[in-house]
Amino acid sequence: MENQKVRVRFAPSPTGPLHIGGVRTALYNYLFAKKHGGDFILRIEDTDSQRFVQGAEEYIIESFNWLGISFDEGVHVGGKCAPYRQSERKSVYKKYVDQLLDAGLAYIAFDTPEELDKKRNEIANFQYDASTRGQMRNSLTLSAEEVKSLIEAGNQYVVRIKIEPGKDVVVNDLIRGEVVINSSILDDKVLYKSADQLPTYHMANIVDDHLMEISHVIRGEEWLPSAPLHVLLYRYLGWEDTMPKFAHLPLLLKPEGNGKLSKRDGDRLGFPVFPLEWEDPKSGDISSGYRESGYLPEAVVNFLALLGWNPGTEQELFSMEELIASFSLERCSKSGAKFDFEKGKWFNHKYIQQKSNNEIADLFQPILKENGVEATNAKVAQVVGLVKERVNFVKELWSQSSFFFVAPQSYDEKNRKKTLEG
RNA sequence: GGCCCAUUCGUCUAUCGGUUAGGACGUAAGAUUUUCAUUCUUGAAAGAGGAGUUCGAUUCUCCUAUGGGCUACCA
């Protein structure tokens, strides 16, 4: 285990544009993998057919291309563990679900969503677990014949994990240390749904991480509560000796007020929460992206890297190579970071100064065209060199330099006088 | 409600029992600049509260408070 090759994955769900918090999680995974000469894998977790959004997967791939984060294996590049889309791996999960069923570590439940809702209304804090499963319609309370006939009659069912109560489950987290949870507070989570013949997140995640030989699971803190369930699944499946190490990253919080940064915050507060602009295929709503807002990918990466991690030195400007060299999980912080985009602007300003005039000129050309200006790159680069230190964003170059390209329509009388006298 | 995680300037953070608690963003003042911006200098700005442990706690333990997360046939 200690000498095992580092293999990490980013496993988004294609339910919409990639959230900036997800970008940071992916970045940390990437940095960790490259630091240790390991592999970085892109796996698409599309086990919820209800929430699937067209175009989301392409968006995710394009986002990482723009950011300069590359994958060694994944849906778009293939690899030895293909396929990397969970919906295409249906057949592999069923086998392990059956294994748990056969071992008596999971059971079949027929309770409909309506029946469960009713229970939840009747009983405060209802939880499907050791204390309640005896009152439900499942393979533990029904006879084998009844179960068989219910299935043959076409009744939909789910497979639930059978949690043994009263046991302490230990999760060793690389960032938080040892987290102990008593199994009595865990519920018998659904692992598999007969309706779409797909596992739920928990099952698919554990099976794939095992099959793809993932060595470290680096993910957001929102997964910490389900980590004990995951440890139990590795144990039930007999894979505990090769279980990946866990690291739960602190969350990105709203810059003001309460709560974690959400998709809605961006446009409300005037900064993007997505790497690229996104048009919702259903509503047609457009959410702004960092790329379209004029951020340089290097600035976004640098800014994000420092939100939850620090090098322990006073260096703040990092190239991707420098980040890879300095990154470590030990220096990740434990508490959530408010997303302060003011600092993001500063990073962007720094990177604009750092880039050559020619590079900035390339980015400026489309804006010039929008304003009806045709100019050679050499001339644009010359102008950029004159005014770039004044701007935070490439688009601001226009207001700073338009007079180089278009004669002013008006002028300030006072300034004219001053100039003539001076 | 239950469970889990966290808590240093407004924000991101450094500090691995003994420091004038450091840096950066933002902010204030000044210098430079015809103006603005840049740049430079300087300043203001923090250990949630309470008990312990210790010669000594920001640092270790506990309690409280606050913030966050989870609590779905979503991930």
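Note that this is a predicted model, so its numbers are computed, not measured. Every chain is numbered from 1 and lettered A, B, ... according to where its sequence line falls, protein lines coming before strand lines.
Using C1' as the reference atom, B/U41 and B/A46 are 24 Å apart when rounded to the nearest Å. Comparing B/U64 with B/A75, their P atoms are spaced 36 Å from each other, to the whole Å. Rounded to whole Å, the P atom of B/A14 lies 30 Å from the corresponding atom of B/U54. Distance noted for atom P between B/U11 and B/C4: 28 Å (whole Å). B/G22 and B/G18: their P atoms are spaced 15 Å apart (whole Å). Taking the P atoms as reference points, B/U53 lies 16 Å from B/U58, given to the whole Å. B/A48 sits 48 Å from B/U34 when the P atoms are compared, rounded to a whole Å. Taking atom P in both B/C9 and B/U71, one finds a spacing of 30 Å when rounded to whole Å.
The distance from atom CZ of A/Phe341 to atom C1' of B/U11 is 11 Å, rounded to the nearest whole Å. B/C12 atom C1' lies 17 Å from atom NZ of A/Lys350, rounded to whole Å. Atom CG in A/Asn310 sits roughly 12 Å away from atom C1' in B/G22 (whole-Å rounding). Remark: C1' of B/G69 and CD of A/Glu221 are 6 Å apart, rounded to the nearest angstrom. If you measure from atom CH2 of A/Trp346 to atom P of B/A24, you get 9 Å, rounded to the nearest angstrom.
When Watson-Crick and G-U wobble pairs are counted only if both distances are under 3.5 Å, B/U54 pairs with no nucleotide at all. Base pairing analysis places B/U7 opposite B/A65; the two distances defining the Watson-Crick or G-U wobble pair are each below 3.5 Å. Both distances falling under 3.5 Å, in either a Watson-Crick or a G-U wobble arrangement, place B/U27 opposite B/G43. B/G1 and B/U71 make up a base pair, with Watson-Crick or G-U wobble contacts both under 3.5 Å. Summarising the base pairing, B/U20 is matched to no nucleotide, lacking a Watson-Crick or G-U wobble pair whose two defining distances lie under 3.5 Å. Summarising the base pairing, B/U38 is matched to no nucleotide, lacking a Watson-Crick or G-U wobble pair whose two defining distances lie under 3.5 Å.
Nucleic acid contact for A/Thr47: sugar-phosphate only, since backbone atoms but no base atoms lie under 4.0 Å from a heavy atom of the residue. Nucleic acid contact class of A/Arg51 (heavy atoms, under 4.0 Å, all strands): base. At the heavy-atom level, A/Asp187 lies nowhere under 4.0 Å from the strands shown. Residue contacts for A/Gly220: at a heavy-atom cut-off of 4.0 Å it reaches no nucleic acid atom on any strand shown.
The listed nucleotides are B/G26, B/U15, B/G69; the one nearest the side chain of A/Glu342 is B/G26. Side chain of A/Leu253, nearest nucleotide from B/A75, B/A6, B/G68: B/G68. Checking B/C70, B/A6, B/C25 against the side-chain heavy atoms of A/Pro225 singles out B/C70 as nearest. Comparing B/A6, B/C4, B/C25 against the side chain of A/Leu224 picks out B/C4 as the nearest. Closest to the side chain of A/Asp340, from the set B/U11, B/U38, B/G26, is B/U11. The side chain of A/Ala337 lies closest to B/C12, out of B/U39, B/G26, B/C12. Among the nucleotides B/C4, B/C73, B/U39, the one closest to any side-chain atom of A/His349 is B/U39.
Remark: A/Pro311 engages A/Leu306, A/Trp309, A/Thr313, A/Phe318 in a side chain to side chain contact (heavy atoms under 4.5 Å, CB included) (not counting sequence neighbours). Applying the ring-ring contact (aromatic ring centres under 6.0 Å, His included) rule to A/Tyr128 yields no partners; only residues at least two apart in sequence or on another chain are considered. A/Tyr290 meets the ring-ring contact (aromatic ring centres under 6.0 Å, His included) test with A/Tyr295; sequence neighbours excluded. Contacts of A/Lys167 classified as salt bridge (charged side-chain N to carboxylate O under 4.0 Å, His left out), with partners at least two apart in sequence or in another chain: A/Glu164. Here A/Phe274 pairs with nothing under the ring-ring contact (aromatic ring centres under 6.0 Å, His included) rule; sequence neighbours left out. The ring-ring contact (aromatic ring centres under 6.0 Å, His included) test applied to A/Tyr96 returns A/Trp239, not counting sequence neighbours.
At least one side-chain nitrogen or oxygen of A/Lys260 sits closer than 4.0 Å to the OP1 or OP2 atom of B/C70. OP1 or OP2 of B/U13 lies within a sub-4.0 Å distance of a side-chain N or O belonging to A/Ser333.
In this structure, a donor-acceptor pair under 3.5 Å is absent between the side chains of A/Tyr201 and A/Glu45.
Within 6.0 Å of CD in A/Gln50 there are 12 or fewer heavy atoms belonging to other residues, nucleotides or ligands. When the shell of 6.0 Å around CD of A/Gln54 is examined, it contains 12 or fewer heavy atoms from other residues, nucleotides or ligands. The environment of CD in A/Glu146 is crowded: more than 12 heavy-atom neighbours from other residues, nucleotides or ligands sit within 6.0 Å. For A/Lys90, the NZ atom counts as densely surrounded, since its 6.0 Å shell holds more than 12 non-hydrogen atoms of other residues, nucleotides or ligands.
A heavy atom lying under 4.0 Å from RNA chain B marks the following residues of residues 312-322 of chain A, by number: A/Glu314, A/Glu316. The stretch residues 82-93 of chain A does not touch RNA chain B, since none of its heavy atoms comes less than 4.0 Å from the strand. Shown for residues 156-171 of chain A: residues whose heavy atoms fall under 4.0 angstrom of RNA chain B, namely A/Val158, A/Arg160. Near RNA chain B, meaning a heavy atom under 4.0 Å from it, residues 117-139 of chain A has A/Arg120, A/Asn125 in order of number.
Figure legend: A/Lys345 and A/Phe393 shown without cation-pi pairing, the cationic atom not lying both under 6.0 angstrom from the six-membered ring centre and within 45 degrees of its axis.
Here A/Asp72 does not pair with A/Arg7 in a salt bridge; the nearest charged N to carboxylate O distance is not below 4.0 Å.
The side chain to side chain donor-acceptor pair (under 3.5 Å) analysis of residues 20-30 of chain A, with sequence neighbours excluded, yields no pairs.
A/Phe71 and A/His76 have perpendicular rings, their planes meeting at more than 60° on a 0 to 90° scale where under 30° would count as parallel.
Between A/His248 and A/Val179, every side-chain heavy-atom pair lies at or beyond the 4.5 Å cut-off.
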Distance-only donor-acceptor hits, side chain of residues 152-160 of chain A, under 3.5 Å, sequence neighbours excluded:
from	atom 1	to	atom 2	distance (Å)
A/Asn155	ND2	A/Leu150	O	2.9
A/Gln156	OE1	A/Ser194	OG	2.5
A/Gln156	OE1	A/Ala195	N	3.2
A/Arg160	NH1	A/Asp188	O	2.7

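In terms of position along RNA chain B, the nucleotide closest to A/Glu178 lies nearer the 5' end than the nucleotide closest to the other residue of the pair A/Glu178 and A/Phe339. Nucleotides of RNA chain B nearest to A/Leu306 and A/Val190 differ in position, and the one nearer the 5' end is that of A/Leu306.
With hydrogens and angles left out, the side chain of A/Lys189 and the base of B/A72 share no donor-acceptor pair within 3.5 Å.
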